Amino acid sequence: MSGMNSGRRALLGGLAVAPFVGSARAQSAAPYIVGTLFPMSGPNAEYGSVFTAGAALAIQHINADGILRRPVRIQAEDTQALPQQAVVAMNKLVSVDHAHYVLSAFTAVSKAVAPVGDRARTVMVNGGAVGPDLSGLSPYFWNVIPLAHLETQALLPFMIQRGLKRVALVYVDDPLGDAILGILRTSLPAAGGSLVGNFSVPRTAQQFAPVAARIRQTRPDAVYIASFGAQQSQIIKQLRDNGVSQPLVSYSAMNIDSVRNTPEAEGLIFTTQSTDFEGGDAVTRRFATDFKAQHNADPGTYQVNYYNAVRLFGLLAQSLERENAEVNGENLRRVLLAQREFDLVGGKGRFDDLGNMSAALQITEIRGGRLVKIG
Amino acid sequence: MTAPLLICEGLSRSFGGVKAVAGVSLSLTAGMVTALVGPNGAGKTTCFNLITGNLRADAGKAMLRGQSIMGLKPHQVARQGVARSFQDLRLFTHMSVRDNVLAATETSAWFWQPGGAAARRAREAATEEALARTGLTALAEARAMDLAYAERKFLSMARILAARADIWLLDEPASGLDLSSRRRFGELLKEARRQGVAICLIEHNLDVVTELADRIAFLDQGKVLAEGEPEAILRDPKLAAIYFGDREDAA
Amino acid sequence: MTAYLTNLASLGAIFCILAATLNVAVGYAGIFSVAHAVFFGLGAYAGAQVSLLLVPDALLAMLAAALVSGVLSLCLALPALRVRGEYFVAASLGLQMMAVTLFSEAKTVTGGIGGLTGIPGPRLFGVEVSTLPVALGALAVILLATALLMRSSFGRTLQAIRDAESAAEALGKNVAAAKALAVAFACAGAGVAGALFAMHMQFVNVESFTLDQSVLIMAMVIIGGTGTLWGPLVGAVILLSLPAGLAFLPFIPSTEVGAVQQVIYGLAMTLLMIFRPAGLVGDLSRGKSHA
Amino acid sequence: MLFLQLLLQGLQVGALYALTAAGFALIFGATRIFHFAHGSAFTLAGYTFLFTSQAGWPWYLGGLASVGVATLFGIGIYWFVYRPIQRHEGSFFTVFVAAFGVGIVVQNLVGMFAGRGFASVDTPLSRATEVLPDVYLAQVFWVAIGLSLVLFLLLTLFLTRHHAGVALRALHQNPDLLRAYGLSSTKLSLLAFAVGSALVAPAAMLTAMTSGLNEAIGHHVMLISMAATIVGGVGSLRGAALAGLMLGVAEAVALSFVDTQWAEAVSFLVLFAFIIFRPSGIFGIAQAR
């Protein structure tokens, strides 16, 4: 439930920014538009609020610092995480709002909007979806999140070391799940483990007790869950309720409130990007402090990612303003490939030729509703 | 006397142990009006349903011009020249009067009707003729649901006229009609009889029966109790007792 | 701006086709299908595969889509011949749910949830064209065909069956054939819309062909008015422009826009059924029960 | 053992399906209204229970509140939506569309006010323990089975002994009988909606404890109830309940034969097959045509 609350708070935060943006707009030129293609309704709406909170804080910081000559403003479009709505929204962002930069999320949505942004040469940045097929969708499609195959790879040595060699996989039947299945099939035996069972579930499934029974049959050492959204907590709770007592492991999609607040998720192990909020550099500390002040909660990976995505825009646009070049997709891309490395939350972010950011990964465990770094 | 067009022999049908129709034999001859008479629940409408294929018979057979029509689907029976009306009319309520009648002339379910323009003109002519004979020409554009009671009854007849069938099965076609409408209905029926249509009608009004029927088949509890000339049947006190026994409004 | 409007107009035309064809089944034949998105999807996959594997020709894609959807419409015609009313709605719901599972699993054809990407845009005889004229052309052809058919004997047959099936049978109408044909026509039209959709979006996945989509199409027909030529189009335009219209209402918090929009269209469906069951365009008597 | 495990799990889910299906069948049998918003009553009842338990109410008070909300919803939708439509002779499709609209409204309002995503009531009842080698059973299993049995017994008694219950059964078949009992059909329809909707509350509460709730859950409940009513044979409460149980078991047991992703499709395959091959259902006498 508190996911919702933080969402609402994020909303209030956004409203608080609005008057400021308005006055800034009056003073100077029209604002830079950062469009968002997030689910604001439907079963994945929890993510929309989370993503928006990160992006909104970054805009607040950029505007407050005055690093750009023009203010930055969010133009939110609801996709419901559905491709059709997303294409309509993307077209609106590109041709009505003339967005300078678009934040995307969800694999299907990203794949659907990529051709539109590609044609319009508008930069789209994903900080939420981790489907490996998101790499290289378009020169203008960047990822500020390590894609899932990297996360799964990073988890394998840890599992073997812990003696979690027999792994059962519960996965949603989509490209993400398929990719994780593929990695576990090939890399797990290579690392000395084995995939003892794989169980695909439809996205809309609610009942996992029978799946739990099937999983128990395979006598695994650990169960890897590759799902996202509301379904994750349901899977966790029902596996635990139905006699699956083995460690549960997963990837960064678990880093949402509804999972952390599920009592059964205690002990859940998953990979996330490593961010040291206490120590670390000034950018990270400022983000963590201000986020906590606004939302009364620790920031999650997604907030970091979308903060970074917007911050990246600020830095790139700043460079372009300095050389008096127009802030457009081509120029943004040119500067990105020229500079490659940026001071972002969590340390230096490096981008490869395809626009994928690599980041250090860490392994965390949920203990008492909080994330604890364990590897 | 010409050979009967439709012969039914031993038609039977029961519903959950109750014999609704038990061995009914009936024959319909061109140019003759046969009335099915009997108390409510005697199995009259069920007989129609067995003939038209709306119900499967448990036993018995029905021959149309010497060919069995048992097991045919309702629309196939209809295409063999058997037209029927329903007690509750079942008009095409949202369609215009003309379309109701025109629909009766078109039997192909495909996107178009066979026969080209000539056939189309013939269907339209048949429609206009049926409308004229039933006195509905002035109401041709009205919607069926907006008609008055008697007009609906005549529309039901117009559909049958336009269908060009040679056997008519009419389920209480005159019930509830006022005197002048009843007279017009009588004229319609007599004209059809002259043209050689074999007519079978279910009718409760014995005045109508006496006026129009050439023969009467008296049904009770699924069986034909008596068959013959109207005067002979209606004079039989035993049948009268059965008939009036549980009905008071028949007269 | 023009690109945005062109895109909206293209989607509008595609949904007009969907609503208009569903109306043939619902409004004229009394076949209340809640599985129209299934045939939309079949057409989309067929069109996409033709474009991907053979040639990216719009006409060919639409033809293939119409064929595939039309032939497979038998899945819908079968229950339509067996049952009616609530039962048929239930059957079509069942079909819709099964189809979504099939679409998700038949990955070689549909790409599953990941979908099919890189579908070439529409071409006519080798020349790249925008979707809008093609979609408008298809819509015009389908509307014309619908208008002609519904005024012909076939339309009379369907309406007769809708109003009184047994009487239509008694007048020699082959009810099974007429229903199957109506369903095939409606589904083939949905297939054409699917092919256009695939070429326009250049990406399709199963999420566009779910029960929600079927309900949306149905709501278009109902809100506009069943059994009229223009009603479904009015409904499609209204429901498609609802999100855009709501976006301009400043007092709705942006995070709730989607939900508010859903609530509005849910409310519209309910209130319309209570106060104006014939829809916005339809005449009032039409909402009443068909015997 | 896997089969036994799946069977037991199927029974637990099936018992809940049976309750919702019985409610749906009761309403449909008595009023001929295909109550497509039945799932909304489930959603509302479930969230009521969730909120009351979060607010620290004891479970029986929460349960009472949840039954109350479901009942009120049932009565409300009949009074404000179905009755006006029926008054102007709306066709079944008009009713269907209106109900579907209500379902959409409820789902989104719940999402707006209760939050979107997964929510569950935490209870030790749902934690399974090993009762046989490799067979796990939670106490909630016995609660679900016991509760369903008791409710069916009560319902049967009500429908056969109480004069209003008898009248309810007769409502569709023989309206004349009503006058003999001195009851109006409006009152009886209200009763059917009240009782039918109240039946979903226990199922909603147990679901809140086991698989958890989300705002879209009503959809699935509605589909299952409808499928069970048709498979069971319209007009037969027993049939609907049995079919609900059967669908629950089929969904679970199917997993010992097919891959997990097909489980959901099983119910609808069963429904589709029944409509094509036996539209009158298991116990049905009335033919759909």
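Throughout, a chain's letter reflects where its sequence line sits, starting with A, and its residues are numbered from 1. All figures in this text were calculated on a predicted structure; none of them were measured in a lab.
A 4.5 Å side-chain heavy-atom check between A:L82 and C:S208 finds every atom pair outside the cut-off. Looking at C:K107 and A:D173, their side chains come closer than 4.5 Å, going by heavy atoms from C-beta outward. Residues C:L8 and A:V88 form a side-chain contact, since some pair of their non-hydrogen atoms from C-beta on lies under 4.5 Å apart.
Using a 4.5 Å cut-off between heavy atoms, A:P115 touches chain C through its side chain atoms alone. Of the atoms belonging to A:D178, it is side-chain heavy atoms, and not backbone ones, that fall under 4.5 Å from chain C. Interface remark: A:A81 contributes backbone atoms only to the contact with chain C (heavy atom separation under 4.5 Å).
Between C:T117 atom OG1 and A:D133 atom CG the span is 7.5 Å, to the nearest 0.5 Å. We find the CG-NZ distance between C:N7 and A:K92 to be 12.5 Å, quoted to the nearest 0.5 Å. The distance from the CD atom of A:Q80 to the CD atom of C:E207 is 11.0 Å, given to the nearest 0.5 Å.
Along residues 38-60 of chain C, no residue comes nearer than 4.5 angstrom to chain A, judged on non-hydrogen atoms.
The closest side-chain donor-acceptor pair between A:Q84 and C:Q213 falls under 3.5 angstrom.
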- Before giving the answer on side-chain contact (heavy atoms from CB on, under 4.5 Å), spell out for A:R119 and C:Q202 the whole-Å C-alpha distance, their side-chain angles and the decisive distance to 0.1 Å. CA-CA 12 Å; A:R119 248 176 281 143; C:Q202 309 195 347; 3.7 Å; yes
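Scanning both residues, C:F203 and A:A112, for their nearest heavy atoms gives CD2-CB, 3.5 Å.
Every salt bridge (charged side-chain N to carboxylate O under 4.0 Å, His left out) that A:R121 has, sequence neighbours left out, goes to A:E330.
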